[in-house]
Amino acid sequence: MRRRQTASNPPEHMEKAFGKNHHTRLCFLLFLSALFWVLLFYFHFVVLGSGTIVESEKLHQIPLRTESAKAHRVLENYPFMRALRTIENKSDPCGGRYIYVHDLPPRFNEDMLKECKSLSLWTNMCKFTTNAGLGPPLENVDGVFSNTGWYATNQFAVDVIFSNRMKQYECLTNDSSIASAIFVPFYAGFDIARYLWGYNTSVRDAASLDLLDWLVKRPEWKVMGGKDHFLVAGRITWDFRRLTDQESDWGNKLLFLPAAKNMSMLVVESSPWNANDFGIPYPTYFHPAKDADVFIWQDRMRKLNRPWLFSFAGAPRPDNPKSIRGQIIEQCKKSKVCKLLECDFGESKCHSPSSIMQMFQSSLFCLQPQGDSYTRRSAFDSMLAGCIPVFFHPGSAYTQYTWHLPKNYSKYSVFIPEDDIRKRNVSIEKRLRQISPEQVKIMREEVISLIPRLIYADPRSRLETLKDAFDVAVQAVINKVTKLRKDIVDGRTDDNFIEENSWKYALLEEGQREVGPHEWDPFFSKPKDEQNDQSAETGKNSCKKFYLHHTSADHT
């Protein structure tokens, strides 16, 4: 009995043992419960929650990626995107400025020069194609020119000059996919000059048709259907705008061919009513090889004594009743402050570059009425001499050379409407005397500051800081093509564009797209076809007179 008692635990010990075990189990259960809830919350908020976030992100990202891929594919569908992206590369000095030049068969350019004797019916053009198209050097016998950089340049020589300048362009590329524009070195002016007289329309059109047939088969053409292509012709636009296939019609039909309408053609006189040609300056006699030559010339023009208030070099147009040249010559003869060089058939000082430049350098204002067409080379020779031009028709400069001349024409020129001379007999001398000496000085400085962008530098060298007429024209073409490409990408279209108002669009300010009534409407109000016929006829007359005079200038 004792062993049992000894073996049995006292009641208080049992209560103590039971209480201790119970407390331990409770703590353990609480721990398990807490762990369960922690795991449950963890699983819900972290594992399931994160999974939901990830899936949500995936659901949002998938369509975004799809849209991005779609947009990427759309952009890549434009084969000119590589060229546009070069603009963004700020470390590349040629980014957005690359030019690709077609390697044309020589029949389209160099072969013509080998047959230079056939480029004109009356004139041997061989001497005018020497020195990279500048012609023979001019001797500075009378001290009118600089000692270097002056040449007897033919007014129709831009084809060769421009092409040779392009060979010196600093951003040429053999990769057309990065090119901002594509140059076609076709001597279009020399081509048509061979066949202007005595050849049927088939002969006149042959080279143009052959060129376009060659171009449209090229992969470079297919990128934009030729809208990124440009070529240069050193003649007036009417030589390339024959309206019919009648043998009596003038010139060829290059600019009316469907494929050519996509290209940009740079000519010394453009059409106000067509969108595929653009005016660039006639070549002057001055072709500097370095910047210093230009600066020295500009300083010299600033310091000259100019005893004549105004001057005129030219011939009357008795066969054209609408010409105001007769009145201009008459007014000049009656004025004591006007210098006149009358030009006519035969030998004349008008055909002497030295005589012409000497007169311009001694005049404050130089009268520049229409010739047989709207424009004259004389306007650029006079501005080269620091003489303020006086125009009588907006088509003589203001609507022509919008790349090279300020749109605010009153900064550098005087405008006297033709009707003021023709009908109202306005005195040119009185009108010019109304301009104060201070204003004359400001205007002359503006003209002199424009000289670099109106001349063509020597193609065998390169100017360092100045931009010449070539540089300005190339950049303008690049800007035109770049804008067109961006408009295509952005889906912008010019549905309201009216080609007959092309001259108005050229005068719009940056950002403007619509045109309306203009003060110059009366000057261009004649129906386009009638204007084309008339201008083609005057182009024919101008061309014939030029060759008959055998001069490198056009001051007749």
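Heads up: numbering here begins at 1 and tracks the sequence.
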For the residue pair [X] and [Y], categorise the inter-ring angle as parallel (less than 30°), tilted (30 to 60°) or perpendicular (more than 60°).
{"X": "His102", "Y": "His229", "result": "tilted"}
{"X": "Phe162", "Y": "Phe183", "result": "tilted"}
{"X": "Trp273", "Y": "Phe524", "result": "perpendicular"}
{"X": "Tyr401", "Y": "Phe380", "result": "perpendicular"}
{"X": "His287", "Y": "Tyr151", "result": "tilted"}

Side-chain donor-acceptor pair present, [X], [Y], cut-off under 3.5 Å:
{"X": "Tyr505", "Y": "Gln512", "result": "no"}
{"X": "Trp150", "Y": "Asn140", "result": "no"}
{"X": "Asn479", "Y": "Gln475", "result": "yes"}
{"X": "Tyr282", "Y": "Thr375", "result": "yes"}
{"X": "Asp205", "Y": "Tyr195", "result": "no"}
{"X": "Ser208", "Y": "Lys253", "result": "no"}
{"X": "Asp142", "Y": "Ser354", "result": "yes"}
{"X": "Tyr100", "Y": "Glu220", "result": "yes"}
{"X": "Asp277", "Y": "Thr237", "result": "yes"}

Could you check whether [X] makes a cation-pi contact with [Y], meaning its NZ or CZ is under 6.0 Å from the centre of the six-membered ring and within 45° of the ring axis?
{"X": "Arg241", "Y": "Phe256", "answer": "yes"}
{"X": "Arg444", "Y": "Tyr412", "answer": "no"}
{"X": "Arg235", "Y": "Phe156", "answer": "yes"}

### Query
Got a sec, which residues hit side chain to side chain donor-acceptor pair (under 3.5 Å) with Ser355, two or more places apart in sequence or on another chain?
Ser352

### Message
Working note: Lys167 + Asn164, criterion side-chain hydrogen bond (donor to acceptor under 3.5 Å, both in side chains); need CA distance, chi angles, decisive distance, verdict.
### Response
CA-CA 5 Å; Lys167 294 174 183 177; Asn164 284 323; 3.3 Å; yes

### Pairwise side-chain contact, Thr153 with Phe128, heavy-atom cut-off 4.5 Å (strictly under)
no

### Task
Would you indicate whether the side-chain heavy atoms of Phe392 and Phe415 approach each other to under 4.5 Å?
no

### Task
Determine, stepwise, if the pair Lys303 / Asp299 fulfils salt bridge (charged side-chain N to carboxylate O under 4.0 Å, His left out).
CA-CA 7 Å; Lys303 298 172 182 176; Asp299 287 340; 5.6 Å; no

### Message
Holding to salt bridge (charged side-chain N to carboxylate O under 4.0 Å, His left out), I want the full list of residues that pass it with Asp175, two or more places apart in sequence or in another chain.
### Response
Arg82

### Task
Report the residue from Pro406, Pro389, Ser396 that forms a side chain to side chain contact (heavy atoms under 4.5 Å, CB included) with Ser413.
Pro389

### Query
Got a sec, which pairs hit disulfide (SG to SG under 2.5 Å) with one end in residues 132-228, sequence neighbours left out?
Cys94-Cys171

#### Entry: salt bridge (charged side-chain N to carboxylate O under 4.0 Å, His left out) assessment of Asp191 paired with Arg204
CA-CA 8 Å; Asp191 167 55; Arg204 284 181 259 160; over 6 Å; no

#### Entry: Exam field: side chain Thr86 to backbone Ala83, donor-acceptor pair closer than 3.5 Å
yes

### Message
For Gly189, is there any backbone N or O sitting under 3.5 Å from a side-chain donor or acceptor partner on Asp159?
### Response
yes

### Query
Considering all heavy atoms of both residues, which atom of Thr399 and which atom of Trp503 are nearest to each other, and what is their separation?
CG2-CE3, 3.9 Å

### Message
Run Met224 and Asn262 through side-chain contact (heavy atoms from CB on, under 4.5 Å) and show every step you take.
### Response
CA-CA 9 Å; Met224 295 185 70; Asn262 284 350; over 6 Å; no

### CA sep, side-chain torsions, deciding dist, call: Asp245, Thr201, side-chain hydrogen bond (donor to acceptor under 3.5 Å, both in side chains)
CA-CA 6 Å; Asp245 286 334; Thr201 56; 4.8 Å; no

